[in-house]
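Worksheet for the structure shown next.
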Amino acid sequence: YPINISSPAQIAILLYDVLGIEPPDKSKPRGTGEEILQKIDHPMAEIILEYRGITKLLSTYIEKMPTITNPKTYRIHTSFNQMGADTGRFSSSDPNMQNIPSHNDEIRKMFRASEGHVLLSSDYSAQEPRLTAHMSGDEKMIAAYKAGKDLYVEIASIAYNLPYDECKEFREDGTRNPDGKERRNAAKAIVLGVCYGKGVPAIAEDLGVPRKKAQEIYDKVMVSFPGLKQFMEDSENMARDYGFVTTVWGRKRRLPNMQLEPYEFTYIGGVPKDFDPLFDDEDEFDDGPLEVDEATKQRYINVLNRTYSRKEKEVIKAKAKNEGILIKDNGGYIAEATRQCVNSRIQGSAADQTKLAMILIGNDKKLKELGFRLLLTVHDELIGECPKKNAKEVAERFAHLMVEAAKDLSVPSKCDVEVTECWYGEPLQLDE
DNA sequence: ATCATAGGCCAC
DNA sequence: AAACGTGGCCTATGAT
Ligand SMILES: [Mn+2]
Ligand SMILES: [Mn+2]
């Protein structure tokens with residue numbers, strides 16, 4: 001029988017039914033995602049992965065772009081959606097120019113500066129961690145950035161109890177240190193994971209270390225940077241109290257789910273199971289459904305809070321249903337909102353900074369005189385073009401204004417500028 | 001044809 | 001036993 005290799009459903013039939021392979025991830029018994037296929041030791045899994053990789057690039061980028069270029073200018077015109085993301089970030093669509101593969105030599109060559117011009121791309125270095133350091137006020141984090149240190153290296157050295165230099169990718173003499181790189185990567189994964197609300201088990205999985213080891217590192221990071229832990233708790237409390245969180249520059253993100261009750265109770269049918277209108281002397285029924293009384297709610301809440309297993313919770317809910325009471329569990333929504341609290345403040349502050357930089361750059365007379373024009377924003381990065389001869393002057397001004405966008409913070413900002421012919425291409429030398 | 005959803009995957 | 005945040009676009013699939 002022919003099968004469609006582009007159909008996840010048909011691939012699942014092939015792998016799990018026809019070939020009888022055991023699903024590596026029990027929570028996704030029919031999954032065919034990249035991580036799952038990598039764990040399957042069968043030539044078919046490898047072939048599917050290869051096919052996916054190629055067709056993704058082919059359909060989304062290589063075949064798509066030529067069909068939407070302006071026939072006269074050969075330019076592509078994207079839409080930047082000012083309110084595209086709830087955090088304050090732009091989104092980009094039709095086409096999305098914020099997810100062009102950056103590690104693929106073939107695709108990046110597609111985008112070039114116009115004749116006689118160069119592309120300038122300036123990327124904030126560690127934008128989000130720096131803003132996290134600022135917002136948290138954590139002395140050690142701030143000190144690390146003030147001293148021009150690499151925070152991830154700093155954290156690795158604390159977590160592993162090793163000198164700073166043992167946690168760097170490169171040694172003083174310029175030779176590589178694979179152990180150092182691994183330590184730094186682990187620290188980076190943990191800091192980012194913490195900021196995004198990742199749990200310890202998932203961090204362990206990422207790092208390929210036992211859960212216990214991941215927990216150790218996690219705890220050490222939290223103890224070493226008390227301001228960070230406080231910042232996370234403050235962010236959650238802000239959202240619980242006010243229903244929103246704010247960024248460094250005052251942008252709000254509403255998170256109403258933080259104010260949900262963990263459980264909501266309603267009578268199925270609007271009245272208790274034993275409700276008898278003939279013997280009910282209160283007229284509450286006319287005003288809508290009856291509310292479950294506090295004592296009953298509390299009884300269920302006490303039982304529910306005694307267990308952490310989803311299965312047992314389901315049993316309790318089923319029992320309640322049998323007694324005519326519907327229990328809505330908001331735990332999942334609250335957990336999600338709790339992760340969004342911290343992340344939104346960080347991501348939103350970064351978006352603010354980048355947008356402020358865009359305003360400074362768009363209003364700058366000098367850049368205008370030098371023929372510079374902003375083309376794209378990719379969250380922590382701005383891309384523009386200018387005449388080749390002005391490249392050096394523009395590059396300096398460009399980066400300066402991006403740093404200037406956040407000048408009164410407790411940590412410095414830093415930008416890396418690249419001047420290229422093609423997007424992500426080989427850096428050009430800037431003479432004169 | 002157009003729309004909605006799911007699974008999957010690209011970016012930061 | 002535990003979803004890591006923010007997006008958009010691809011194909012498949014089933015409904016209108
Ligand atoms: Mn960056
Ligand atoms: Mn970037």
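In what follows, chains are A, B, ... by sequence order, proteins preceding strands, each numbered from 1.
The backbone N or O of A:Gly348 lies less than 3.5 Å from no partner atom in the side chain of A:Thr247, so there is not a single donor-acceptor pair.
Relative to the side chain of A:Val378, the nucleotides C:dC4, B:dC12, C:dC9 differ in distance, and B:dC12 lies closest. Taking only side-chain atoms of A:Gln340, from C-beta outward, the nucleotide of B:dG8, C:dG5, B:dA11 with the closest atom is C:dG5. Out of B:dC10, C:dT6, C:dC4, the shortest distance to the side chain of A:Pro101 is found at B:dC10. For A:Ser102, the listed nucleotide lying nearest its side chain is B:dA11; candidates were C:dA12, B:dA11, C:dT6.
Contact annotation: A:Gln98 does not reach the phosphate of C:dG8 (side-chain N/O to OP1 or OP2, under 4.0 Å). Taking 4.0 angstrom as the limit, A:Arg89 places none of its side-chain polar atoms (N or O) nearer than this to OP1 or OP2 of C:dG7. Note on A:Gln10: a side-chain N or O is less than 4.0 Å away from OP1 or OP2 of C:dT13. OP1 and OP2 of C:dT6 both lie 4.0 Å or more from every side-chain N or O belonging to A:Ser91. Contact check, A:Asn99 against C:dG7: no side-chain N or O comes under 4.0 Å of OP1 or OP2.
Listed by first and then second residue, the salt bridge (Lys or Arg N to Asp or Glu O under 4.0 Å) pairs that reach into residues 100-121 of chain A are A:Asp105-A:Arg108, sequence neighbours excluded.
Using a cut-off of 4.0 Å between Lys/Arg side-chain N and Asp/Glu carboxylate O, A:Lys56 and A:Glu34 are scored as not salt-bridged. Ion pairing of A:Glu216 with A:Lys220 is absent here, as no side-chain N (NZ or NE/NH1/NH2) approaches a carboxylate O to less than 4.0 Å. Using a 4.0 Å cut-off between a side-chain N of Lys or Arg and a carboxylate O of Asp or Glu, A:Arg30 and A:Asp17 qualify as a salt bridge. Between A:Arg345 and A:Glu236 there is no salt bridge, since none of the side-chain N atoms of the basic residue sits less than 4.0 Å from a carboxylate O of the acidic one.
To the nearest angstrom, P of C:dC9 lies 9 Å from CG of A:Asn81. A:Asp206 places its CG atom 14 Å from the C1' atom of C:dG5, with the value rounded to the nearest Å. The CG-P distance, from A:Asn104 to B:dC9, rounds to 16 Å in whole Å. Rounded to whole Å, the distance from OH on A:Tyr61 to C1' on C:dC9 is 8 Å. Atoms CG (A:Leu131) and P (C:dT6) sit 18 Å apart, rounded to a whole Å. Rounded to whole Å, the distance from CG on A:Asn96 to P on C:dG8 is 7 Å. Computed from coordinates, the A:Asp380 CG to B:dA11 C1' distance equals 11 Å when rounded to whole Å. When the C1' atom of C:dT6 is taken as reference, atom CD of A:Glu336 falls 12 Å away, rounded to whole Å.
Contacts between residues 22-42 of chain A and DNA chain B, defined by a heavy-atom separation under 4.0 Å, are made by A:Gly31, A:Thr32, A:Gly33, A:Glu34.
One can find a donor-acceptor pair under 3.5 Å joining the base of B:dC9 and the side-chain atoms of A:Lys56. For A:Arg52 against B:dC9, a side-chain-to-base donor-acceptor contact under 3.5 Å is absent.
Side chains of A:Asp150 and A:Lys168 form no contact here, defined as non-hydrogen atoms less than 4.5 Å apart.
Using a 4.0 Å heavy-atom cutoff across all strands shown, A:Lys311 reaches no nucleic acid atom at all. Among the heavy atoms of the strands lying under 4.0 Å from A:Ser92 are primed sugar atoms or P, OP1, OP2 only; no base atom is included. Looking at heavy-atom distances under 4.0 Å, A:Ser309 makes no contact with the nucleic acid at all. Among the protein residues, A:Ile346 comes within range of no part of the nucleic acid, since none of its heavy atoms lies under 4.0 Å from any strand. Counting any heavy atom pair closer than 4.0 Å across all strands shown, A:Arg253 reaches sugar-phosphate atoms only and no base atom. Residue-level contact check: A:Gly199 touches the backbone only, with heavy atoms under 4.0 Å from sugar-phosphate atoms and none from bases.
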Please tabulate, one pair per line, each protein N/O and nucleotide N/O from nucleotides 14-16 of chain C that are separated by under 3.5 Å, including the distance.
none

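Between A:Phe372 and A:Phe398, the ring planes are tilted. Angles from 30° to 60° get that label.
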Let me see the working for A:Glu154 and A:Lys146 under salt bridge (Lys or Arg N to Asp or Glu O under 4.0 Å), right down to the final yes or no. CA-CA 13 Å; A:Glu154 183 81 356; A:Lys146 273 194 172 157; over 6 Å; no
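By the 6.0 Å and 45° rule, A:Lys297 does not stack over the aromatic ring of A:Phe265.
Shown are A:Leu120, A:Asp123, A:Thr354; of these, the side chain to side chain contact (heavy atoms under 4.5 Å, CB included) with A:Leu382 is made only by A:Thr354.
When the nearest nucleotides of DNA chain C are assigned to A:Ala85 and A:Arg211 by heavy-atom distance, the more 5′-ward of the two goes with A:Arg211.
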